[in-house]
Amino acid sequence: MRELIANAVAHRSYLEPGNIQVAIFDDRLEATSPGMLLNNVSIKKMIEGYSKPRNPAIANAFAYMKIIEKWGTGIPRIFRECRDYGLPDPELIDFDGDFRVNMYRNNTNKASNESINESINESISESLNSDEAVIMDIIKSNPQISQKEMVTKSGFSRSKIQRILKVLQGKKVLYREGARKNGYWKIL
């Protein structure tokens, strides 16, 4: 994870608006940085150890501080470490002007986690009224849904949705992660 964040800071485009985003989900960690890959840099080359620093001053400072070892070793090291820990290979994605690395959890305990999640979801569902349950189901299907979309899907007024969201957050079953425009709902 440290390598992912160091790479995101050293290789992001500071000419693009936006922030480096690190999101943790049940099954993966996502690190996204603004700026697509530079010319002559491909995902295949990166996995093989090719590197072309977008921000050489930052890369040099990181090397001086021992945050990075040398150019081109970070992505292969991430793949090697994931394999050493029995994790699936990371996924490198160049999309819509951003670059993302997804690191996935090991799914050996998936059945155990699913049964725990089911019992937690059942106890949460029991403490919700029908309107709150409708909103929770909508959010489960799309954690990045906007309040405007919730109005369309639920048929509730916007003020009612805002009131329900506030109650759900007060019950500590839901919270908003990230900015209003680019954030998402996290069910606890």
Side-chain angles (χ1 to χ4, degrees), residues 1-5 7-9 12 16-36 43 78-79 81-83 85-188:
M1 290 189 294
R2 179 177 181 252
E3 187 70 38
L4 281 179
I5 294 169
N7 277 350
V9 172
R12 75 157 283 179
E16 301 289 329
N19 299 308
I20 294 169
Q21 298 176 8
V22 178
I24 300 174
F25 299 94
D26 290 339
D27 65 335
R28 72 191 179 283
L29 176 134
E30 294 180 353
T32 307
S33 59
M36 60 180 59
I43 290 173
I78 290 170
F79 274 78
E81 293 285 330
C82 284
R83 288 181 189 134
Y85 283 96
L87 300 174
D89 281 348
E91 182 180 24
L92 309 179
I93 307 164
D94 188 20
F95 70 101
D96 294 334
D98 290 336
F99 183 75
R100 175 178 291 158
V101 178
N102 291 341
M103 287 179 57
Y104 293 93
R105 291 179 62 123
N106 189 338
N107 290 329
T108 57
N109 295 328
K110 188 174 182 180
S112 172
N113 288 341
E114 285 176 0
S115 67
I116 291 169
N117 286 341
E118 283 177 26
S119 64
I120 290 171
N121 288 339
E122 285 174 17
S123 65
I124 289 172
S125 295
E126 291 171 6
S127 70
L128 302 179
N129 68 36
S130 61
D131 291 345
E132 293 167 350
V134 167
I135 297 302
M136 288 293 282
D137 287 340
I138 290 171
I139 290 171
K140 282 179 190 174
S141 69
N142 179 6
Q144 294 178 316
I145 193 164
S146 68
Q147 289 182 14
K148 185 177 180 181
E149 292 170 306
M150 286 183 210
V151 168
T152 303
K153 287 191 177 265
S154 69
F156 300 155
S157 69
R158 187 164 187 146
S159 62
K160 182 174 183 174
I161 287 176
Q162 289 171 339
R163 195 169 47 253
I164 292 170
L165 291 172
K166 190 173 183 177
V167 167
L168 291 171
Q169 289 173 317
K171 288 183 177 182
K172 306 248 188 266
V173 296
L174 181 71
Y175 77 95
R176 183 76 178 171
E177 182 73 35
R180 187 173 175 191
K181 188 171 186 173
N182 295 320
Y184 59 93
W185 293 102
K186 182 77 174 169
I187 297 173
L188 303 175

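Only this structure's heavy atoms are used, side chains among them; waters, hydrogens and symmetry mates stay out.
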Show your reasoning for whether side chain to side chain contact (heavy atoms under 4.5 Å, CB included) applies to Ile5 and Val22. CA-CA 8 Å; Ile5 294 169; Val22 178; 4.1 Å; yes
Verify side chain to side chain contact (heavy atoms under 4.5 Å, CB included) between Met36 and Phe99, making sure each step is shown before the conclusion. CA-CA 6 Å; Met36 60 180 59; Phe99 183 75; over 6 Å; no
Show, in sequence, the C-alpha distance, side-chain angles and deciding distance for Ser33 and Arg12, and conclude whether the side chain to side chain donor-acceptor pair (under 3.5 Å) test is met. CA-CA 6 Å; Ser33 59; Arg12 75 157 283 179; over 6 Å; no
When every non-hydrogen atom of Arg105 is compared with those of Leu87, the smallest separation belongs to C-CD2, 4.0 Å
Closest non-hydrogen atom pair, Tyr104 against Asp89: CD1-O, 4.2 Å
Between Lys171 and Glu132, does any side-chain N to carboxylate O distance fall below 4.0 Å? yes
What are the two closest heavy atoms between Ile43 and Leu92, and how far apart are they? CD1-O, 3.2 Å
Let me see the working for Val134 and Met136 under side chain to side chain contact (heavy atoms under 4.5 Å, CB included), right down to the final yes or no. CA-CA 5 Å; Val134 167; Met136 288 293 282; over 6 Å; no
Asn19 side chain to Gln21 main-chain N or O, any donor-acceptor pair under 3.5 Å? no
Smallest separation among heavy atoms of Val151 and Phe156, with atom names: CG1-O, 3.4 Å
Is there side-chain contact between Gln147 and Leu165, with heavy atoms separated by less than 4.5 Å? yes
For the student: nearest non-hydrogen atoms of Glu16 and Pro34, plus distance: CB-CB, 3.8 Å
Taking every non-hydrogen atom, the tightest pair across Ile161 and Ser154: CD1-OG, 3.6 Å
Salt bridge (charged side-chain N to carboxylate O under 4.0 Å, His left out) between Glu81 and Arg83, worked out: CA-CA 5 Å; Glu81 293 285 330; Arg83 288 181 189 134; over 6 Å; no
Applying side-chain contact (heavy atoms from CB on, under 4.5 Å), name anything that partners Tyr175, two or more places apart in sequence or on another chain. Glu177, Lys186, Leu188
